[in-house]
Amino acid sequence: MDLRQIESKWRKKWEETGLYKFRPERADKKLYVLEMFSYPSGAKLHAGHWYNYGPADTYARFKKMQGYEVFQPMGFDAFGLPAENYAIKTGIHPQDSTLKNIATMENQLKAIGAMYDWDYEVITCVPEYYKWTQWLFLQMYKHGLAYRKEAPVNWCPSCNTVLANEQVVQGECERCGSVVERKNLTQWFFKITDYAEELLRDLDKLDWPEKTKLMQKNWIGKSYGGEIEFAVKDSDVTFRVFTTRADTAFGVTYVVLAPESPLVDKIVKPECRAAVEEYRKNAAKTTEIDRLASNREKTGVLTGAYAINPVNGREVPILVADYVLASYGTGAVMGVAAHDERDYVFAKKLGLPIERVVKGVDGNDDLPFCDYGVMINSGEFDGMTSEEGKVAVIKKLEKEGKGALKTNYRLRDWLISRQRYWGAPIPMIHCEHCGAVPVPEEDLPVRLPYNVDFKPDGKSPLAKCEEFMNVKCPVCGRPARRDPDTLDTFVCSSWYYLRYPDNKNAEKAFDREKIDRMLPVDKYIGGAEHACMHLLYARFFTKALRDMGYLDFDEPFLSLVHQGTILGSDGFKMSKSRGNVVSPDDSIEKYGADVFRMYLMFGFSYVEGGPWNDNGIESMAKFFDRVERLIRKGSGQDEVRASVDAREKLDYVRNNTIKCVSADIENFSFNTAIARIMELVNAVYDYVNAGGATDTFFEDCRKDLVRLLAPFAPHFAEELWEILGQEYSVFNQPFPVCNEDALVLRKVELAVQVNSRIRAKVTVASDATREEIEKAALAALEGQLEGAPKKIIVVPGRLVNIIA
RNA sequence: GCCGGUGUGGCGAAAUGGCAGACGCAUGGGACUUAAAAUCCCAAGGUGGUGACACCGUGUGGGUUCGACCCCCACCACCGGCACCA
């Protein structure tokens, strides 16, 4: 069979007959199956795309055959850095290259033979889409979830441009190798931290890989502790520190502020000012990457000021050190050298005192002692355990107004400004008189101008486009300037799944009634690399939109599966620079899309992936031939009948296959599902070879075989279905259902063990009683046993273990 | 450093605490063929034995259990995430 020819034949027929068109009137049976949409890069689809989309489509087809109205759309995440970099390199405008790539990729995606309903396509870089991305930004702004503040960007002093994090390689500019500096710019943020608690809590509701949930949990980083208020000696300044170990509060021998803390200016003594200023300047110069290197030597300077520890009234020095982060907690920490690794190293280095206030239960007196223990040298708290003490100390301070129980999150607000061209413009206007003013909704979209010099020279590309920048202030009507930045592409991809069901709506981002019916996504499939970014942002968007009243569900993706990564044959991640990218083109040219899909599903464990190797692809093509020969065998005479035994045997395999394949697809265990189908093929051959039977039973088995195969090899199965003389289309057929009766065997073989070692096999009736089984087992040992057994363990259907 | 995951034949991989290695690849043998290809059938973890069989085998070392790839403890290697988070 010329697989490539039948593939185009069926693809054409599917399109003509609209086989995969979503029917909204059947939305009560909807199943929203979504794969993460593609980035339209210049390169062709590689093996990894197929590995994501092929198996996902198998799942979708299986569900369609089970009677679900499957909604499986596809689209393009089309804004972003690669197109812009490509443009800088080649001079080809990002819009031109992107739209061209999309056209190419649409065709390539069609070659996979997936059920995408292209009527619902979404492309993020067209005004019809980004108009609503901008609208969503405005809603966030109106609801207090978007705000501006200064934040550092990566700055390359040689290219004179802002770099994205991924363009910084080991602290250096990816392009020119200069050392990257930090520079502060006023930028927009989304207040994702407002949702930290709910984002954390609702993880419990989700059918997601535990690993992914744990990653999000750690990313959100909730920690329970308390704040303790220190007063600065000889002044009315007070400040708070956050700690999870209030039980060590009596051991505070110094206090540290972050270099960026505004408090520093207020408290520093004149004699220390010069040294402190010098230290702060150096800290600001240090790149974030260096500063975050945990093995870096600890440094710090005295401020000359002293703080009063509220638990014992002791005066301790206040220092400035860059191991304290301004962005976490209160930007100030109490130094307990005896009971914290970092504080200990710091105190040793600077010669600060170390005082033990927690004793280990096992008499361990090494320092630092960071475990929980029993409090000592802590006044009224002596003898309390750390667990009790860390609450009791805060509770006491709380009464005095000098402390409070407090929960902290590691999660930070989401920086969404990008000083880049190829993105959705931020729909804000800056007016000298009115400040930051949102673009009125009726003026959306703020179109991204085409004629822009996007070569890097130190400014946002849009800032150089006067016709774009100059605008009237919507409030006062005086001349004003647009925001020159564009939105992070993660903003575009945080809501695309909401747009699919209503992608042509020109009045709204989406119709509430429609998406409440179609969402949440029932099965979401994509790479694990998005665990903490895209997947968290999308959850945040959904929750924020719910609170604004635009939709009525809490979570966008109920069930999530990550496909594994297909590596190059050298075992490394595929990359152009390594030259180990596997293109599916040759294989598809030679064997066709179905063989390639099946090979990918059979050769790897879906969630594991692994290094590419095409050893088995030829054999998959042979398997197709083997199936085809079986389907083409003459049949329907109903003359040659097999024995009842042979029929029963095959019927067992057939139904067992149906049962296992259904469960395996449900679990995304495609390799074992295909193994079961191969077993069925083998069993049908056995049946034919044994009796030459070509009866109606044989006919039924063949039909089931084609139906079982259909989700995996859709074009091939469609052709086989036609060869069997059946009506178009096999995808309107129900997926076979297991007849449990056929799985009840009359006889079963049991292993007979003596002291857990196999010594014999015995076949008994499947409904044999325990006594019968024991008797049969002992008989099978033919009296090899000396004396009476101490104990006999019977595992029905499996084994008998005789303990002698 | 911390948190996860993985480790099984020559290879890809399977195994609700119950006969390890299903299903394939590569390999060997046979049938068909003048021959080859294709196809069909059989064998196959290792060691020893003519053999029925015996012993050893799921990264390493312990443990729980009648029974452990699976559960527990310690360790090794690789992969992924986080990384001074107070």
Side-chain angles (χ1 to χ4, degrees), chain A residues 209-219 221-223 225 228 241-246 248 256 258 291-298 321-325 327-336 339-343 345-346 408-412 528-529 531-532 564-565 567 571 573 599 602-605 607-620 622-623 625-626 629 660 664 669 671-682 685-686 689 749-761 789-804:
Chain A
E210 285 306 318
K211 187 185 156 166
T212 308
K213 291 205 259 184
L214 193 64
M215 274 166 71
Q216 287 210 353
K217 197 177 158 191
N218 293 338
W219 188 265
K222 182 176 186 174
S223 64
I228 297 178
V241 301
F242 174 74
T243 178
T244 55
R245 289 297 303 273
T248 65
V256 189
R291 210 173 143 182
L292 290 179
S294 53
N295 50 356
R296 191 160 152 263
E297 205 170 329
K298 302 258 178 298
D322 66 3
Y323 80 91
V324 176
L325 307 175
S327 53
Y328 185 77
T330 61
V333 306
M334 58 184 207
V336 186
H339 302 293
D340 182 278
E341 199 87 39
R342 291 153 300 162
D343 294 349
V345 174
F346 187 72
N408 236 315
Y409 299 90
R410 209 189 64 108
L411 184 70
R412 305 200 195 156
E529 66 274 17
C532 292
T565 313
L567 306 169
K573 213 169 192 165
Y599 171 66
F602 183 61
F604 303 84
S605 161
V607 295
E608 305 267 324
W612 173 259
N613 110 42
D614 52 11
N615 278 345
I617 191 159
E618 182 75 35
S619 68
M620 185 54 78
K622 286 183 183 168
F623 174 70
D625 291 341
R626 187 167 154 83
R629 281 194 298 277
C660 292
D664 285 348
S669 179
N671 55 346
T672 52
I674 293 170
R676 296 290 91 79
I677 293 175
M678 288 173 167
E679 279 172 355
L680 177 60
V681 171
N682 292 343
Y685 266 100
D686 285 349
N689 291 343
E749 191 189 55
L750 302 180
V752 180
Q753 297 182 328
V754 178
N755 292 332
S756 307
R757 301 191 76 102
I758 294 167
R759 288 292 180 252
K761 302 263 170 114
K790 283 189 197 131
K791 189 178 172 186
I792 301 179
I793 292 150
V794 177
V795 183
R798 297 277 184 178
L799 53 74
V800 183
N801 191 5
I802 296 164
I803 312 303

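Labels below follow one simple rule: chain letters A, B, ... track the order of the sequence lines, proteins then strands, and each chain is numbered from 1.
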Enquirer: For A:Leu214 and for A:Gly221, locate the closest nucleotide of RNA chain B by heavy-atom distance; then report the residue assigned to the nucleotide nearer the 5' terminus.
Expert: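 Nearest nucleotide further toward 5': that of A:Leu214.
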
Enquirer: In the strands shown, is B:rA68 matched to any nucleotide by a Watson-Crick or G-U wobble pair with both distances under 3.5 Å, and which?
Expert: none

Enquirer: Is the charged tip of A:Arg626 near the ring of A:Tyr685: under 6.0 Å from the six-membered ring centre and within 45° of its axis?
Expert: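 Checked: cation-pi criterion met.
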
Enquirer: So which one's nearest nucleotide on RNA chain B is more toward 5', A:Ser669 or A:Arg245?
Expert: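 Here A:Ser669 is the residue nearer the 5' end.
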
Enquirer: Which of the following nucleotides, B:rC66, B:rC84, B:rA13, is nearest to the side chain of A:Ser605?
Expert: B:rA13

Enquirer: Quiz question: going by heavy-atom distance under 3.5 Å, is there a donor-acceptor pair between the base of B:rC84 and the side chain of A:Lys298?
Expert: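 Check passes, donor-acceptor contact within cut-off.
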
Enquirer: Answer syn or anti for B:rG9, where the cut-off is 90° from 0 on the glycosidic torsion.
Expert: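 Here B:rG9 takes the syn form, which means its glycosidic angle is within 90° of 0.
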
Enquirer: Is the phosphate of B:rC19 approached by A:Arg759 (side-chain N or O, under 4.0 Å from OP1 or OP2)?
Expert: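 No, no such contact exists.
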
Enquirer: Which nucleotide wins on minimum distance to the side chain of A:Asn218, given the candidates B:rC19, B:rA86, B:rC3?
Expert: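 The nucleotide sitting nearest to the side chain is B:rC3.
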
Enquirer: Rounded to whole angstroms, how far apart are CZ on A:Arg629 and C1' on B:rC41?
Expert: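 After rounding, the reported distance stands at 14 Å.
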
Enquirer: Would you tell me if any nitrogen or oxygen in the side chain of A:Arg410 comes within less than 4.0 Å of OP1 or OP2 on B:rC84?
Expert: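 For B:rC84, neither OP1 nor OP2 has a side-chain N or O of A:Arg410 closer than 4.0 Å.
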
Enquirer: Looking at the side chain of A:Phe242, which of B:rA86, B:rC85, B:rG67 is the nearest nucleotide?
Expert: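 Given the options B:rA86, B:rC85, B:rG67, the side chain of A:Phe242 is closest to B:rA86.
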
Enquirer: In terms of side-chain heavy atoms of A:Asn613, which of B:rC41, B:rC11, B:rG18 is nearest?
Expert: B:rC11

Enquirer: Report the base-pairing partner of B:rC85 (Watson-Crick or G-U wobble, both distances below 3.5 angstrom), or none.
Expert: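 None - no nucleotide pairs with B:rC85, as no candidate has both distances under 3.5 Å.
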
Enquirer: Using 30° and 60° as the class boundaries, would you call the ring planes of A:Phe604 and A:Trp612 parallel, tilted or perpendicular?
Expert: parallel

Enquirer: Using a 4.0 Å cut-off on protein heavy atoms (strictly under), produce a 5'-to-3' string for nucleotides 20-26 of chain B with B for base contact, S for backbone-only sugar-phosphate contact, and - for none.
Expert: --BBSS-

Enquirer: Look through every strand shown and name the nucleotide pairing with B:rA35 as Watson-Crick or G-U wobble, where both distances are under 3.5 Å.
Expert: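 Its partner is none (no Watson-Crick or G-U wobble pair with both distances under 3.5 Å).
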
Enquirer: Determine whether a donor-acceptor pair (N or O, by modelled atom type, separation under 3.5 Å) exists between the side chain of A:Thr565 and the backbone of A:Leu567.
Expert: no

Enquirer: Measure from the side-chain heavy atoms of A:Asp322 and tell me the nearest of B:rG67, B:rC19, B:rC84.
Expert: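 Output: B:rC84.
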
Enquirer: Partner lookup for B:rG61, please. Criteria are Watson-Crick or G-U wobble with both distances under 3.5 angstrom; report none if nothing qualifies.
Expert: B:rC73

